[in-house]
Each structure stands twice: as structure tokens, then as C-alpha cells.
Amino acid sequence: MTKEEALKTYFGYDAFRGGQEAVIDALLSGRDALAVMPTGAGKSVCYQIPALLLPGITLVISPLVSLMRDQVTALVQMGIPAAFLNSSLTFRQYLLALDRAREGRYKIIYAAPERLETEGFRAFAGTADISLIAVDEAHCISQWGQDFRPSYLNIPAFAASLPRRPVMGAFTATATPEVKEDIEHLLALRAPLRLATGFDRENLYFEVRQPGDKKSALLELVRGRPGKCGIVYCATRKAVEEVCQFLRDQGVPAARYHAGLEAEERRQSQEDFLYDRAQVMVATNAFGMGIDKSDVRYVVHYNMPKDMESYYQEAGRAGRDGLPASCVLLYSGQDVRTNEYLITHSEAREGVDEAAAERLRERDLQRLRQMAGYCRTRHCLRQHILRYFGQDAPDYCGTCYNCLHNFKEVEVGREAQAIVRCVAETGQHFGVGVIAETLCGADTDRVRKYRMERQASYGALEALSQRAVRERIRFLLDEGILTLSPGQYPVLQLGERAEDVVRNGPALYMRTVEEERPAAARRQAPAELEGGQAELFGRLRALRARIARRQGVPAYVVFSDRTLREMAALQPRTTEELRTVSGVGDAKAGRYGRAFLEEIQAFGER
Ligand code: ADP
Ligand code: ZN
């Protein structure tokens with residue numbers, strides 16, 4: 001069997017995607033490979049096809065025990081004999097799986113890195129014919145990576161201890177140079193093929209907002225996309241609870257997901273979202289790994305994540321079907337301070353001494369600053385992301401918020417002086433809201449309660465709207481001219497540069513939105529399903545749900561949305577026609593073909 005035949009027979013795909021072929025060829029020829037590809041690019045195929053074509057067993061080392069079961073289920077559905085060996089098995093199940101592995105019944109075995117250190121597994125590996133080791137999420141080997149996992153360091157010794165050192169393939173979505181270097185050296189790859197595919201996701205729209213009120217900004221985003229599903233990422237469990245409740249109160253069908261919920265509720269929420277019973281999923285970063293819901297139309301970050309890697313990975317869960325989708329980040333300076341606090345107060349990670357831990361904290365702070373830089377830039381957001389991942393990109397993408405708006409520089413020196421004076425004269429006791437109302441000369445309960453109308457700066461900026469004053473205050477915070485106190489009710493205080501501003505009144509230039517540019521360069525959206533096709537798509541999804549439930553597997557391992565969409569558009573009548581649909585391989589055509597063909601036929605005769 002050739003690699004093309006394997007792609008069609010097992011996976012049901014007609015062509016390889018960028019980069020896949022090169023990696024597969026390298027591994028098949030016995031050469032190590034290091035592949036850097038963004039989430040959703042199709043890394044798994046890069047080792048699953050060599051696994052099918054090479055003699056013996058492929059060992060996949062993966063950090064996520066919780067995902068292995070689904071990955072293996074998906075393989076088995078495609079007719080590929082696979083198993084996982086991890087702590088979720090009982091000891092008896094584990095021994096049984098090892099026995100079968102010894103009998104050569106599996107082509108692919110998933111294991112967590114810790115497993116390699118156990119005696120039973122070593123004994124098995126010493127006699128088994130392991131021809132390929134695929135290291136998934138390979139950045140876990142690096143202290144510079146996001147999720148350092150010390151037991152990854154044992155992988156090269158394990159490989160070397162085998163009777164014949166297998167070919168090694170390392171896979172990650174993290175592209176920073178230190179991490180790539182670490183992977184190559186620490187895994188002891190031998191003259192590997194180094195492959196990095198482009199990181200751009202053309203169908204994604206990027207925007208950063210800095211709203212005074214995040215909840216109403218979120219509601220506007222959600223209401224502006226009726227019937228579309230989206231994910232809202234929050235930094236904490238508490239925020240998830242609050243935001244989810246808020247959306248429900250507003251009549252939005254929302255589900256919630258975080259590590260503090262019972263497994264049963266997590267499963268239920270995930271299912272509600274996958275089956276479109278809940279339109280919006282409000283979650284911490286615990287949600288999303290291995291979720292193959294391809295029609296997520298928007299991802300909103302209610303809080304700024306800790307680094308660009310996390311952001312791009314989470315935002316990248318939008319639009320995996322290649323159709324247009326939005327990624328909007330709701331930024332506030334408080335997000336930066338919260339993250340700063342978490343980093344500086346973090347405990348040293350397992351297997352890391354205090355000096356190294358300090359270096360890591362420094363590194364994390366650096367990453368945090370880069371993330372904040374993304375939130376503040378007025379230049380092309382796509383370019384900012386791609387440059388971060390080491391890829392060059394033009395100044396203008398024409399599709400992100402910043403490219404679609406003109407920014408002008410306004411001189412705010414005099415206004416800055418007025419704001420600083422107001423903060424100083426009211427004793428540095430008040431938050432952004434009260435200060436803005438005072439400067440605008442507003443007549444509100446708070447202003448009256450604190451007798452702000454008696455202050456000299458009352459009404460000093462009455463020519464500006466409160467929104468404009470808030471924008472200027474945020475600018476001064478970013479410039480370090482003002483600071484916000486920590487705690488639940490942050491108050492404005494004078495920063496290091498405040499005195500300078502009052503004394504010298506330097507020319508201060510703030511960038512602000514001038515006008516919207518016509519979205520001339522916006523890319524054409526692929527056609528949506530027409531009425532009848534959309535209805536059929538709905539029926540096929542319902543059929544998929546019934547099949548999945550009966551078999552106790554997640555719906556997407558039966559067929560992906562993309563595959564069902566194509567079925568609804570093509571409406572195949574025979575098995576041959578069905579086999580031309582992307583994502584229908586031999587095993588699935590045999591197993592489900594009839595059911596789906598019958599559904600399509602019944603729909604045509606209705
Ligand atoms: P990654 O691990 O890089 O995030 P996956 O391996 O999960 O990505 O693949 C993402 C999706 O793309 C999966 O649904 C997969 O089946 C699909 N895919 C992979 N390769 C191809 C291909 N050559 N043609 C069409 N779809 C593909
Ligand atoms: Zn742009």
C-alpha cells in the first residue's frame with residue numbers, strides 16, 4: 001500500500017495537506033523528523049500513516065491521558081488496530097492490553113511518558129518490534145515550553161535502550177526557537193527533517209477590544225451572531241460561573257466547563273456544545289483539547305491569556321472548517337496584573353530547582369509582556385502573531401480589526417495633566433469610573449456622595465465624552481503615568497511619570513480609532529449550505545448522534561461536521577459516490593455507509 005492509498009482507504013482523504021507528505025516520507029525512509037504545525041493542521045496523520053506502512057508497532061507518546069481514549073476510538077473506527085496504555089486502565093485491563101500488544105495485534109499504541117519508566121512496560125518494549133516513536137506535544141520536553149513535563153526527558157534513554165533504536169518523529173505547535181532547539185537536542189533526534197508549516201489561518205478575523213464593561217461587550221458579540229456557536233474563554237473558574245450565568249440570564253443558551261466541575265457535568269456540557277444544544281461554551285483553558293468541533297464561528301477571550309502560544313491555540317479552535325470565523329480578545333489592564341501576580345507567586349515546578357524556577361518566572365513575565373503587546377498594538381494583528389511565531393508577514397492583511405480601521409494620533413498632553421491633577425487632588429482614592437465622571441462634570445450619585453463637584457478638576461474635561469476620558473485614562477495606565485492599586489476595587493494612583501507630566505506637560509501622543517476602512521480586501525466566504533441541504537445536514541447530524549450514542553463514542557469520531565456537510569451537498573446515492581466524500585474511508589463506509597445512504601435517499605423522496 002502506498003501512502004496515498006492509506007490516506008484514502010483509512011482516512012477517506014484525497015490529498016495530503018501542506019507538510020504532511022514531507023514528514024511521512026522522512027519517517028518512512030528511516031529519518032527522524034521534527035514537525036512544527038499549528039493546531040488543526042493535521043499532525044496525527046503524519047505519524048499514523050507511517051505507522052500503517054512500517055512493519056511492527058508505532059509508539060505514540062502523548063501527555064494527555066484524558067485524550068488517548070478518544071484518539072484510539074477514532075483510529076479503531078477507521079479500521080486501524082490501536083490501544084492505549086495508561087492509568088485509566090485497571091491493572092487487569094493493562095495486562096490484557098500488553099498481552100495483545102505482544103501478540104502483535106496493534107499497529108499503534110499510545111502511552112504517557114511516565115509509562116516508559118515502569119518495569120512491565122520496559123520488559124514488553126525490549127521484546128517488541130517498535131519501528132517508530134512519535135512524540136506528540138513534543139514541547140513538553142522543554143523547560144521553555146508551556147507545559148514542561150520532566151518525564152519527557154526520559155524518552156531518548158528509553159529509545160536508546162531498545163534492541164534497535166526506532167525512528168523518531170516529534171510534533172508540536174510551539175514554534176519558538178529555544179523550544180525547537182530543546183526538542184531536537186533533548187530528544188536526541190538524529191539529523192532530523194525540520195519542517196514548519198505556515199502558521200497563518202487565513203479565515204480567522206482578529207480583534208482586540210478594551211471595553212469599559214466586558215459583559216455588555218460580550219453580549220453584543222454573542223447577539224451579533226445569532227445561531228452561531230462560539231467559545232468564551234475565561235481566566236478563572238469563578239469568571240466562568242459568572243459569565244455563564246450572565247449569558248443564561250440574558251437568554252443565551254450557554255454551557256460551562258472547568259476543572260472544578262464533576263466529570264459528569266463536564267461530559268454533559270461538552271456534549272451539549274458538540275450537539276449544538278448549547279450555543280455558547282464558557283470555559284477555562286481546560287476546555288478544547290481534542291475537541292473536533294469544526295464549526296465554531298467565534299472564540300472570545302474574556303480575559304487575556306498568559307502568552308501568545310495559549311492565545312493562538314485557543315483562538316485557533318475557531319473556524320477549523322476553513323469558513324470565516326472571528327477571534328476577539330477583551331482586554332483590560334487588570335488581566336496583565338492578575339497574570340503578573342500569578343507568575344511571581346508561582347511555585348517551582350516539579351523537577352526544577354529554585355534558580356531555574358526564577359529564570360522561568362522571568363521568562364513567563366517576558367511572554368506576558370509580549371501578550372500585552374499584542375493587545376496594545378495598532379498595527380496588523382495577524383502580522384503580530386505570525387512574527388511572534390517566527391514567520392514573516394506583510395504589514396497589512398486587510399482582514400484584522402487594525403487593518404480595517406484607521407488610527408490617528410491625538411495630542412493629549414493637556415488632558416493628561418488634568419487627569420493626573422484630578423487623581424492627585426482627590427487623594428488617589430477613586431477608581432476609573434468616578435474619576436472620569438468627575439472630569440466630565442457628570443451629576444451622578446457617586447459624584448454627589450463624594451462631593452466631587454467641589455473639586456477644582458470637576459468638569460475640567462467636559463468637552464470630552466466619558467468614553468474618551470476613559471480611553472485617555474487607559475492610555476496613561478499603559479504609559480505608566482498612572483497605576484491601578486491591586487485588589488478587588490482598584491483605585492487610580494500616580495505612577496512614576498506622573499510628576500513629569502504635570503511639571504513639563506510633554507507632548508503625549510495617543511493612537512485612537514479614526515474611522516472604519518471599507519473591507520475591500522476581505523476574503524470571499526465559501527458558499528453556505530442552501531435550505532434543503534441545510535435540512536439534510538441537520539438530519540445527518542441527528543443520525544450521527546444516534547449512532548454515536550449507541551456505540552458510546554463521541555460524535556466526531558463517526559464522521560466530522562465537514563464530512564456531513566459535504567454529504568449534504570453532494571447527496572451520494574451509491575457506496576462509490578459516498579466514498580468520494582472527504583473523510584469516508586473503507587472502514588466507515590462499510591460500517592455506516594448504508595445508514596447514511598438510506599437517510600439521504602429518504603430525504604430525497606420526502
Ligand atoms: P493537529 O493534531 O495538528 O491539531 P489533527 O491531526 O487533529 O490536527 O487534524 C485536524 C483535522 O484535520 C482532523 O479532523 C483530521 O482528520 C483532518 N485532516 C488531517 N489531514 C487531512 C488531509 N490531508 N485532508 C483532509 N483533512 C485532514
Ligand atoms: Zn491585519
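In what follows, residues are counted from 1 in the order of the sequence shown. One-based numbering, in listed order, for ligands and for the atoms of each.
When the options Phe11, Tyr556, Tyr47, Tyr13 are ranked by their closest heavy atom to atom 25 (C) of ligand 1, first place goes to Tyr13. The heavy atom nearest to atom 23 (N) of ligand 1, considering only Ala15, Ser44, Gly12, is found in Ala15.
For ligand 1, none of its N or O atoms has an N or O atom of Leu7 under 3.5 Å away.
Numbered from 1 in the order shown, with element, the atoms of ligand 1 that lie under 4.0 Å from a heavy atom of Phe16 read 23 (N). Using a 4.0 Å cut-off to heavy atoms of Val45, the atoms of ligand 1 that qualify are 19 (C), 20 (N).
Counting heavy atoms of neighbouring residues, nucleotides and ligands inside a 6.0 Å radius, atom CZ of Arg594 does not exceed 12 of them.
One distance of note links CG of Leu597 with CE of Met567; it measures 8.0 Å at 0.5 Å rounding. With values rounded to the nearest 0.5 angstrom, Tyr47 atom OH is found 12.0 Å from Leu52 atom CG. In this structure, Ser142 OG and Phe148 CZ are separated by 8.0 Å, a value rounded to the nearest 0.5 Å.
With Asp295 as the fixed residue, the salt bridge (charged side-chain N to carboxylate O under 4.0 Å, His left out) test singles out one of Arg541, Arg317, Arg562: Arg541.
Protein N/O/S atoms closer to the Zn ion (ligand 2) than 2.8 Å number 4 in this structure.
Contact between Arg320 and ligand 1 is present, with at least one heavy atom of the residue lying under 4.0 Å from the ligand. The closest approach between any non-hydrogen atom of Ala173 and ligand 1 is not below 4.0 Å. Residue contacts with ligand 1 include Gln20, since one or more of its heavy atoms lies under 4.0 Å from the ligand.
A salt bridge links Lys3 to Asp25: one of the charged nitrogens lies within less than 4.0 Å of a carboxylate oxygen. Ion pairing of Arg149 with Glu137 is absent here, as no side-chain N (NZ or NE/NH1/NH2) approaches a carboxylate O to less than 4.0 Å.
Considering every non-hydrogen atom in both Ala259 and Ala286, the closest pair reads N-CB, 4.4 Å.
Donor-acceptor pairing under 3.5 Å is recorded for the side chains of Thr172 and His139.
Scored by the side chain to side chain contact (heavy atoms under 4.5 Å, CB included) test, Arg267 finds Glu264, Glu271 as partners (sequence neighbours excluded).
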